[in-house]
Q: 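Just passing along the structure, written as structure tokens.
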Amino acid sequence: LKKQNSVLRNIIVGYFINGELNKIKKSLDKYNTYNDLSATFNLVNEYKKSLITNIDKIYQIDGYTKWREKEANDLSSLVQQRFRSLQNPINCNTAKKLICNINKGCGFGCQIHHLVYCFLVAYGTERTLILKSKGWRYQKEGWESVFLPLSDTCLSPNGKTHANWPSDESKQVIILPIVDNIYPKPIYQPPSVPADLAQRLSKMHGYPLVWWVGQVLKYLMRPNNNTKELLDNKRQKIKFSNPIVGVHIRRTDKVGTEAAFHDIEEYMIRVHQYFESLEKTPKIKRIFLASDDPKVITAAKQRYVEYEIIADIDIAQTASVSRRYSNLSLQGIIIDIYFLSRCDYLVCTFSSQVCRVAYELMQTHFPDAYNRFSSLDDIYYYGGQNPHPQIVTINHVPKREGEIELKINDEIEVYGNHWDGYSKGRNLRTGMIGLFPSFKIKNPVKAVVFPKYQHLRI
Ligand code: GDP
């Protein structure tokens, strides 16, 4: 029932109706008949809102709300306990270890994702993760200047025998290269989720992989006392309160190299749609806006006076590419990710690792927040992930130019979602590349056997 609800919600909110209506509108505009039909458009939008409200109500009254909350808490406690046990071996001198260096030559989000991959390999091989972070490009004192150490008892990289990945069981310490260069690829990296949790996760969450990555981030990104104080003070200063929409606008070095430019208006349309989809639009429409370009903040505040926009222009200034790798910029990105992840909804570009980290962390604040985003470009992915085709659930006969045929159980390598109801991809059976309705495929959970940490009882 829950799955059906979210699929339904996705079809309605998820751009299909809007996309199809816009196509009709465009062709009608040519003949100036749009005005005659605008009443119909408005009615369809009202109908859409009412359907969404009803679907959300089913969630509230289906009797599973309490169960979902409890299951999410239980699963989180279970994996956090496993992480603590892995990271605090009884004897650090004899413990099997995996060494990971944070200093990948990229930004904070990318480095954190690199660290998540290291942690997943550590969890999969039952080795305590030892993080090397002295000389970190953001903060030369290292990880512990902002976050808690990954272990209370075991931080030393020493051991009797050392070897590079993959090596074998006999070596006490194994050194992991950066994710881009690893060979053979570990089966534990995304999109794998532990088989012993997969079934429970699939019942509870719309996207188990994102939940799983979120749990690793929850462990890794535990703030130290200074960071806690920084975040608490900030929360009070900006009067952060829900409901609120998080908007992340990535500019500077990303635009034109790894992502296309998107005007603020494109983000604001999605914000507007989110507020409109709520049963009661709040009186104060609040936005938490983060960017690496201070001009974005000035422009947004000038152009969108009907919104209460919380944004820190100083943080955006230190985030801009010329001032990025500094202590201040590190504080700024930690603050921005923290508050983005605590919003009710995220509007951003998933091509940015900043937003993907916020989205992953968001899963730790709701039983299931997989639907609480709108990306202007990519679908969610994990950089360097193992191949992960999606599966066709409904046949499709091409109806327009550029569409491809789908047959139930075909595997599709998805290139991207056009966010108008259609996605582009390659059918691995036919080799054909083209468009198809996004709701006709599903993202299967890749359950892989990880250690079960059975000595831990909860
Ligand atoms: P990506 O390049 O957007 O995929 O993400 P990365 O995290 O790898 O690199 C971008 C870096 O730019 C971040 O880590 C920050 O240092 C900075 N940055 C980008 N957007 C923001 C933002 O909204 N706020 C702050 N404070 N910094 C940002």
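Indexing begins at 1, ligand by ligand and atom by atom, following the structure's order.
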Q: Can the ring centroids of Y123 and F83 be said to lie less than 6.0 angstrom from one another?
A: yes
Q: I'd like the contact residues of ligand 1, where contact means a heavy atom below 4.0 Å.
A: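 Residues within 4.0 Å of ligand 1: G107, F108, G109, C110, Y138, H248, R250, K254, A290, S291, D292, I315, A319, R324, G332, I333, D336, S351, S352, Q353, V354.
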Q: Working to the nearest 0.5 Å, report the span between CZ of R342 and CE of M362.
A: 11.0 Å
Q: Could I get the full list of ring pair (Phe, Tyr, Trp, His ring centres under 6.0 Å) partners for Y325, not counting sequence neighbours?
A: Y138
Q: Under 6.0 Å from the ring centre and within 45 degrees of the ring axis: does the NZ or CZ of K424 meet both conditions for the six-membered ring of Y415?
A: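 So K424 doesn't make the cation-pi contact.
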Q: Can you label the angle between the F339 ring and the F240 ring as parallel, tilted or perpendicular, going by 30° and 60°?
A: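 The rings of F339 and F240 sit tilted, inter-plane angle from 30° to 60°.
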Q: Are L86 and R82 side-chain neighbours, meaning at least one heavy-atom pair lies under 4.5 Å?
A: no
